[in-house]
Amino acid sequence: QVQLVESGGGLVQAGGSLRLSCVASGRSFSTYDLAWFRQAPGKEREFVAAINWSGGSANYADSVKGRFTISRDNAKNTAFLQMGGLKLEDTAVYYCAADEMAYVSRRYYYSDRYYNWGQGTQVTVSS
């Protein structure tokens with residue numbers, strides 16, 4: 001088990017930037033693949049981005065490709081989601097998730113692949 005705590009959310013104008021952080025504690029962070037998901041009011045949780053345990057592979061939803069960047073610092077037990085060019089439709093609660101087999105299973109974009117979740121951080125984009 002690994003415990004995850006997200007931070008960095010807030011209110012930002014369209015076109016602006018935010019950087020979310022996900023700090024992990026518990027079992028060895030560097031053995032986990034990580035992902036960011038988001039959930040807007042009245043909508044299902046959706047995949048945003050994922051990164052494998054080493055940081056050597058990263059994948060993105062089409063809706064954020066070219067605007068968001070996922071990264072990790074295993075020495076600091078932290079993952080990041082750098083968000084730029086924010087749009088109104090990016091408004092959601094953003095969740096960090098971790099699993100040791102997400103990439104091996106090739107299901108890193110499925111929320112049900114992940115068994116460790118943070119509490120979420122709200123991102124609101126205004127016009």
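FYI, the numbering just counts along the sequence from 1. Here the structure is a predicted model, which is why all the values come from computation and not from measurement.
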*Hey, are the side chains of Trp36 and Cys96 touching, using non-hydrogen atoms and a 4.5 Å cut-off?*
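Touching, per the 4.5 Å side-chain cut-off.
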*asked:* I'd like to check Ser7 versus Val23 (side-chain heavy atoms, cut-off strictly below 4.5 Å). Are they in contact?
replied: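 With C-beta onward as the side chain, the pair stays apart.
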*Linking I/L/V/M/F/W/Y whenever their side-chain heavy atoms sit closer than 4.5 Å, directly or via other members, would Tyr94 and Ile51 fall into one cluster?*
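Linked, Tyr94 and Ile51 end up in one cluster.
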_Same apolar cluster (I L V M F W Y, side chains within < 4.5 Å links), Val12/Val64_ =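 Yes, because Val12 and Val64 connect within a single hydrophobic cluster, where side-chain heavy atoms sit under 4.5 Å apart.
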Keeping [X] on the side-chain end and [Y] on the backbone end, is there a donor-acceptor pair under 3.5 Å?
X	Y	value
Gln119	Glu6	yes
Asp33	Trp53	yes
Thr91	Val125	yes

*asked:* Tell me whether the count of non-hydrogen atoms from other residues, nucleotides or ligands lying under 6.0 Å of CD in Gln1 goes above 12.
replied: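 Not buried by this count: 12 neighbours or fewer within 6.0 Å.
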*Just wondering, are more than 12 heavy atoms of other shown residues or ligands nearer than 6.0 Å to CD in Glu44?*
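Count not over threshold, so no.
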At their closest point, which heavy atom of [X] faces which heavy atom of [Y], and how far apart are they?
X	Y	value
Asp90	Gly85	OD2-O, 4.4 Å
Tyr60	Ile70	OH-N, 2.9 Å
Ala92	Ala40	CB-N, 3.8 Å
Val48	Phe68	CG1-CD2, 3.7 Å
Ala50	Tyr103	O-OH, 3.1 Å
Asp73	Phe29	O-CE2, 4.1 Å

Report the distance from atom [atom1] of [X] to atom [atom2] of [Y], rounding to the nearest 0.5 Å.
X	Y	atom1	atom2	value
Arg107	Tyr114	CZ	OH	10.5 Å
Leu88	Thr124	CG	OG1	11.0 Å
Leu20	Gln82	CG	CD	8.5 Å
Arg38	Glu89	CZ	CD	8.0 Å
Leu81	Arg72	CG	CZ	13.5 Å
Ser28	Asn77	OG	CG	7.5 Å

*Do Tyr108 and Asn59 have side-chain N/O donor and acceptor atoms under 3.5 Å apart?*
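Yes, because at least one side-chain N or O of Tyr108 sits under 3.5 Å from a partner of the opposite role on Asn59.
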*Relative to the ring of Phe37, is the ring of Trp117 parallel (under 30°), tilted (30 to 60°) or perpendicular (over 60°)?*
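Tilted, since the angle between the ring planes falls between 30° and 60°.
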*Under 6.0 Å from the six-membered ring centre of Phe47 and within 45° of its axis: does the NZ or CZ of Arg113 meet both?*
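So Arg113 doesn't make the cation-pi contact.
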*For the pair Asp62 and Lys65, find out whether any cationic side-chain nitrogen is under 4.0 Å from an anionic carboxylate oxygen.*
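Counted as a salt bridge, because a side-chain N and a carboxylate O are separated by less than 4.0 Å.
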*Keeping to residues at least two apart or across chains, list the salt bridge (Lys or Arg N to Asp or Glu O under 4.0 Å) pairs with something in residues 117-127.*
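Matches after skipping sequence neighbours: none remain.
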